[in-house]
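Report on one structure; see the data block that follows.
Numbered from 1 within each chain, the chains take letters A, B, ... in sequence-line order. Source: prediction; values computed, not measured.
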Amino acid sequence: MPIVISVENISKAYRLGQIGTGTLASDMQVWWAKLRGKPNPLLKIGQQDYGNRSGETIWALKDINFKVEQGEVLGIIGRNGAGKSTLLKILSRVTAPTSGLIHVKGRIASLLEVGTGFHPDLTGRENVYLNGAILGMTKQEVTKKLDEIVAFSEIEQFLDTPVKRYSSGMYVRLAFAVAAHLDPEILVVDEVLAVGDTEFQNKCLGKMSEVAGEGRTVLFVSHNLRAVQNLCERSILLTRGKVSEDGKTYDVITKYLSSVLEKTTILLRERSDRTGNGCFRFTELEFKSKNTNVIRCGEEVKIIIGYDAFKNLKNVNITIVFFDSIKARVLYLGNQVSGNLFDELPEKRKVICSFKRFPLLPGRYILNLYCKVNGIVADWVQEAATIDVGDGDYFGSGELPPGGFGSVVVDQKWEISDGG
Amino acid sequence: MSIDDKQWDLTIRPQRKLLALPLAELWQYRDLTSMFVRRDFVSVYKQTILGPLWYLIQPLLTTITFTVIFGNIAKLPTDGLPQFLFYMSGTVIWTYFSTCLIKTADTFIGNANLFGKVYFPRLAVPVSILISNLISFAIQFAFFLLFMAYFAWRGSALHPNAWIFFTPVLLLIMAGLGLGFGILISSLTTKYRDLRFLVQFGITLLMYATPVIYPVSSIPAKYQTLIWLNPMTSIIETFRYAFLGAGTANWLQLAYSFVFMLAIVAVGAIVFNRVEATFMDTV
């Protein structure tokens with residue numbers, strides 16, 4: 001397959017600190033001095049010269065190289081601040097790189113947000129045309145697809161109502177419908193899919209795989225590892241502005257998960273945003289996986305909780321609650337509900353919650369820690385940690401439920417009954 | 001596989017050429033420009049009772065105010081023209097220039113959200129502003145012609161002449177001036193927000209340095225050179241001469257305004273191009 005995107009030595013620098021000296025006059029002074037080859041007149045002795053800027057340069061991207069073939073669906077993953085968004089902005093031509101070149105073959109469209117440029121006072125129909133034009137469609141193309149777009153968005157009867165009277169769901173549906181009917185040869189997609197409810201996300205993901213199936217090239221940036229796993233054959237991992245891994249998605253995600261979990265112990269001693277009377281305090285949290293340092297669905301996992309207690313405590317109830325990315329509670333773990341009562345908890349020990357087979361499906365989860373002593377809240381740490389769970393083999397069947405259908409798996413048995 | 005530059009449709013590079021107006025691309029995105037024009041035009045008076053009538057009320061009230069204050073109270077001369085027509089001609093012309101400038105000056109800051117999410121030739125925004133204002137100018141201009149006809153019928157001595165055919169050129173120069181200054185200021189405001197405030201009252205001050213409410217002939221001779229340095233002076237004077245028959249129409253002055261316009265568009269385009277590439281990082 002021919003190469004349609006070629007990224008060559010792309011770097012992007014951002015200046016830290018304030019830009020500009022504050023006034024036009026002093027900027028002029030600096031510029032005038034520079035023009036005559038004189039040093040910066042506003043500089044204090046011993047200060048390094050950053051021109052008319054204060055602060056240093058930080059490289060958000062440094063020498064990025066990769067190629068994408070036609071029809072390929074490439075996932076781009078990485079931690080927050082790894083440079084994903086910057087790369088996306090450069091590919092979408094929202095901002096220019098500091099150095100390097102990108103060659104593109106074919107029409108490229110980027111989707112960093114749904115509903116870009118929607119005007120609240122205009123009607124749904126007018127906004128479809130406006131948004132379509134902003135995304136690079138001609139009026140003719142929009143007219144040709146208008147029926148499809150309207151059908152997809154399910155808002156026929158409100159088409160001539162100003163969008164400011166729409167519910168947020170209708171708004172997002174219409175916005176996505178326009179984007180979904182864009183016909184570029186290359187599509188660059190950000191985590192627009194993170195908005196909306198699960199059903200909507202699934203619709204988006206379905207549309208994405210449809211687009212990919214038509215042989216078009218897709219660059220997909222996401223935190224949703226499961227979506228990346230399902231959509232992309234190949235992925236690249238960005239780490240601190242560099243491509244640290246490029247290959248099969250499964251391998252890249254494994255690498256990513258293990259790099260995320262390098263610091264397996266999450267320290268909580270310094271957290272001040274906690275409530276409770278303090279007779280018990282969470283100090284650290286560790287996830288231990290049996291085989292690798294990746295938490296995988298279905299694997300043997302131990303959650304080790306460190307704590308400070310001022311004396312031996314009686315009647316202790318410890319709880320861990322997991323939330324998914326849209327803040328829905330998905331799993332409740334507690335020593336009391338599971339019947340493992342701690343009538344007496346010694347001062348200096350650790351509490352372990354273990355699983356033969358970890359039940360969370362692949363994805364990103366946030367967890368809260370909660371402890372009650374004698375029925376009174378002793379410590380409550382919200383959003384104590386974020387964990388990424390990787391693909392695994394819970395049932396030993398090599399399969400997991402498809403994405404979007406719940407967050408946990410449970411043991412189950414299926415058999416054919418003879419009617420009794 | 002050989003990587004030959006010709007086989008690519010698009011190359012993203014750090015800096016574009018100094019003075020590259022992406023006119024071909026702008027043409028490719030003409031539907032977008034027309035959508036912007038429509039948006040600007042339609043959305044402004046949505047949910048108003050009088051709707052597009054506001055396009056007529058604005059110049060009418062301004063003209064009446066000027067006639068009362070500058071004509072009747074301050075008794076400024078009007079080159080022997082009916083005061084109402086004199087002020088209206090000035091207002092209609094000046095409104096086009098000033099709204100073009102004020103609105104294009106807000107291109108980057110006002111559209112930061114949009115520019116941050118998707119690419120299209122940024123120039124589509126200022127160009128659409130020029131066009132949508134041209135529509136409102138046309139409405140106001142027709143309104144002005146109506147009043148002209150009324151005054152002529154009432155027996156006022158008006159002498160429209162062949163300079164009338166020069167009106168498109170006047171509009172072109174004004175649009176260019178508005179665009180040039182507008183995109184220059186807009187580019188600079190990404191760094192210096194101060195300019196935003198300056199534009200607001202600067203344009204009002206500039207109006208007093210332009211013969212909108214007084215004719216050039218009423219200025220003492222020693223200051224006349226100064227007022228002719230203002231590129232808008234010849235536009236307004238020529239317009240008045242063409243339609244009403246009083247004022248000054250001078251090829252040399254117009255040529256000066258034209259060259260001034262070309263220069264400011266060039267400077268604006270250079271700065272705009274530089275800022276456009278990376279303004280998202282500073283805005």
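- Heavy atoms of other residues, nucleotides or ligands lying less than 6.0 angstrom from CD of A/Gln140 number 12 at most.
- Contact between A/Ala133 and B/Met35 at its shortest, heavy atoms only, is CB-CG, 3.9 Å.
- By number of non-hydrogen pairs under 4.5 angstrom with chain B, the leading residue of A/Ile90, A/Val142, A/Leu130 is A/Leu130.
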Atom pairs and distances, donor-acceptor, side-chain atoms in residues 106-117 of chain B, under 3.5 Å, two or more places apart:
from     : atom 1 : to       : atom 2 : distance (Å)
B/Asp106 : OD1    : B/Arg196 : NH2    : 3.0
B/Thr107 : OG1    : B/Thr104 : O      : 2.5
B/Asn111 : ND2    : B/Thr107 : O      : 2.9

Legend entry - Residues A/Leu135, B/Phe120; criterion side chain to side chain contact (heavy atoms under 4.5 Å, CB included); working and verdict: CA-CA 8 Å; A/Leu135 293 172; B/Phe120 53 84; over 6 Å; no

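- Counted within 6.0 Å of CZ on B/Arg38, heavy atoms from surrounding residues, nucleotides or ligands total 12 or fewer; the atom is thus considered open.
- At most 12 heavy atoms of other shown residues, nucleotides or ligands fall within 6.0 angstrom of atom NZ in A/Lys242.
- Atom NZ of A/Lys144 has 12 or fewer heavy atoms from other residues, nucleotides or ligands within 6.0 Å.
- Contacts with chain B were tallied for A/Gly117, A/Ser11, A/Gly100, A/Gly136; A/Gly100 has the most, counting heavy-atom pairs under 4.5 Å.
- No option in A/Ile102, A/Leu101, A/Ile5 other than A/Ile102 meets the side chain to side chain contact (heavy atoms under 4.5 Å, CB included) test with B/Ile12.
- For A/Val188, no part lies under 4.5 angstrom from a heavy atom of chain B.
- Using a 4.5 Å cut-off between heavy atoms, A/Thr138 contacts chain B through both its backbone and its side chain.
- Counted within 6.0 Å of CZ on B/Phe258, heavy atoms from surrounding residues, nucleotides or ligands total 12 or fewer; the atom is thus considered open.
- Between B/Trp8 and A/Ser6 the shortest heavy-atom distance is CH2-CB, 4.0 Å.
- Heavy-atom proximity under 4.5 angstrom to chain B picks out A/His119, A/Asp121, A/Leu122, A/Thr123, A/Glu126 from residues 119-126 of chain A.
- Proximity to chain A is absent for every atom of B/Arg30, based on heavy atoms less than 4.5 angstrom apart.
- B/Asp31 places a side-chain N or O within donor-acceptor distance of the main-chain N or O of A/Lys139, the cut-off being under 3.5 Å.
- Counting all heavy atoms, side chain and backbone alike, B/Pro14 lies closest to A/Ser99 at CG-CA, 3.6 Å.
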Inset, instruction - Could you give me the CA-CA distance, side-chain angles and deciding distance for A/Ile134 and B/Leu32, then say whether side chain to side chain contact (heavy atoms under 4.5 Å, CB included) is met? - result: CA-CA 6 Å; A/Ile134 286 172; B/Leu32 177 63; 3.5 Å; yes

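- In this structure, no portion of A/Ile10 lies under 4.5 Å from any heavy atom of chain B.
- Here NZ of A/Lys105 is found 5.5 Å from CG of B/Asp9. Values are rounded to the nearest 0.5 Å.
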